[in-house]
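By convention here, the first residue in the shown sequence is residue 1. Scope of the values below: all heavy atoms of this structure, side chains included, with no hydrogens, waters or symmetry mates.
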Amino acid sequence: MMSAALLTGTPLDGRVAVVSGASSGMGAVTAERLAELGATVVVLARRKERLESLVKNIEASGGTAFAVAVDVTDRAAVQTAADQVAARFGKADLVFNNAGVQLISGIEELKVDDWQRQIDLNISGLMNVIAAFLPHLTDSAAQGRPADLINTSSIAATRILAKFSIYSGTKAYISHLTRLLRVELGPKMVRVATIEPGMVDTELPDHVTDPDASKLMADLIHDIDVLQSADVAETVAFMAAVPRHVNLTEITILPTAQVV
């Protein structure tokens with residue numbers, strides 16, 4: 001398979017990047033790629049051991065990284081993490097707001113605990129990261145430096161799929177919130193964007209217990225050349241590397257063969 005890497009050199013040199021949901025999948029690979037391109041990377045997630053392993057890998061490749069074990073649904077803990085970042089590296093100027101969970105079920109099953117978990121992580125967790133790090137971004141922009149808030153949404157934000165109601169609703173929230181935030185933050189030179197991936201070969205489908213949804217995802221992975229985390233990582237890196245006056249606001253990234 002052809003490498004996803006297209007950028008060369010260190011176009012992110014001097015930048016301080018924060019990646020949530022960094023213990024696996026798109027978050028981990030994106031953190032590694034941002035570090036390769038010159039950024040100092042702070043990785044956030046609950047699984048401390050995985051974060052520490054990720055930091056070791058980044059440092060072994062010559063990069064700079066720092067792990068903060070944090071549950072993004074804990075607003076105070078996320079704020080403490082932001083304060084740690086500022087004290088250690090200065091304020092962040094690139095935030096990849098990526099933590100999320102996908103739990104699929106028919107609405108009449110009334111899996112209200114699953115509903116709440118998705119709302120707590122996909123919406124409240126995302127908002128907690130924004131609240132903690134937005135002052136970093138606005139300060140960076142005010143000083144004439146690049147400032148990026150990139151939120152992970154999904155094609156589920158717009159696709160109408162049975163049993164995806166709650167998950168899709170949380171992702172629709174993210175996509176539309178991002179459009180609204182640009183109205184306020186764009187004039188301040190803070191770039192705000194969403195990335196909306198299709199089927200990516202990560203551990204996220206492992207959370208899915210509904211047999212219909214599981215079959216849909218398994219069939220896609222079996223039948224077509226689905227996205228890899230590196231594809232998403234390179235896209236995020238490119239969004240952050242373009243000139244400061246360019247805001248790639250909403251990127252949908254799909255496997256070429258995916259039509260559902």
State, yes or no, whether a side-chain contact exists between [X] and [Y] at a heavy-atom distance under 4.5 Å.
X	Y	result
Leu177	Met127	yes
Phe96	Asp148	no
Asn57	Glu32	yes
Asp201	Leu227	no
Asn98	Ile150	no
Val129	Val95	yes
Trp115	Ile107	yes
Tyr167	Leu103	no

Will you find, in the side chains of [X] and [Y], an N or O donor that is under 3.5 Å from an N or O acceptor?
X	Y	answer
Ser23	Arg47	yes
Glu196	Ser175	yes
Arg179	Thr194	no
Gln118	Asp114	no
Gln116	Asp120	yes

Looking only at atom types and distance, does a side-chain atom of [X] sit under 3.5 Å from a main-chain N or O of [Y], one as donor and one as acceptor?
X	Y	result
Glu184	Leu180	no
Arg15	Asp93	yes
Arg33	Ala230	no
Arg191	Val246	yes
Lys171	Thr152	yes
Asn128	Val78	no
Asn122	Val101	yes
Thr138	Pro135	yes
Ser53	Glu49	no

* Asp71/Arg46 salt bridge by N-O under 4.0 Å criterion ->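 A salt bridge is absent here (no side-chain N lies under 4.0 Å from a carboxylate O).
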
* For the pair Lys56 and Glu59, find out whether any cationic side-chain nitrogen is under 4.0 Å from an anionic carboxylate oxygen. =>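 No.
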
* **Within 6.0 angstrom of Asp113 CG, more than 12 heavy atoms from elsewhere** =>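 Counting other residues, nucleotides and ligands, CG of Asp113 stays at 12 neighbours or fewer.
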
* Has Phe238 got more than 12 heavy atoms of other residues, nucleotides or ligands less than 6.0 Å from its CZ? ->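 Counting other residues, nucleotides and ligands, CZ of Phe238 stays at 12 neighbours or fewer.
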
* When clusters are formed by joining ILVMFWY residues with side-chain heavy atoms under 4.5 Å apart, either directly or through shared neighbours, do Leu37 and Leu6 land in the same one? ->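 Different hydrophobic clusters.
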
* Think Arg159 forms a cation-pi with Phe164, using NZ or CZ under 6.0 Å from the six-ring centre and within 45 degrees of its axis? ->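 No, a cation-pi geometry is absent between Arg159 and Phe164.
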
* For Thr64 and Ile58, work out which heavy atoms get closest and say how close. =>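 Closest heavy-atom pair between Thr64 and Ile58: N-CG2, 4.0 Å.
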
* Asked: How long is the gap from CG on Leu94 to OG1 on Thr40, to the nearest 0.5 Å?
  ->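 Output value for this atom pair is 11.0 Å.
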
* Gap between atom CG of Leu181 and atom CG of Leu134 - 0.5 Å precision ->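 It comes to 8.0 Å.
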
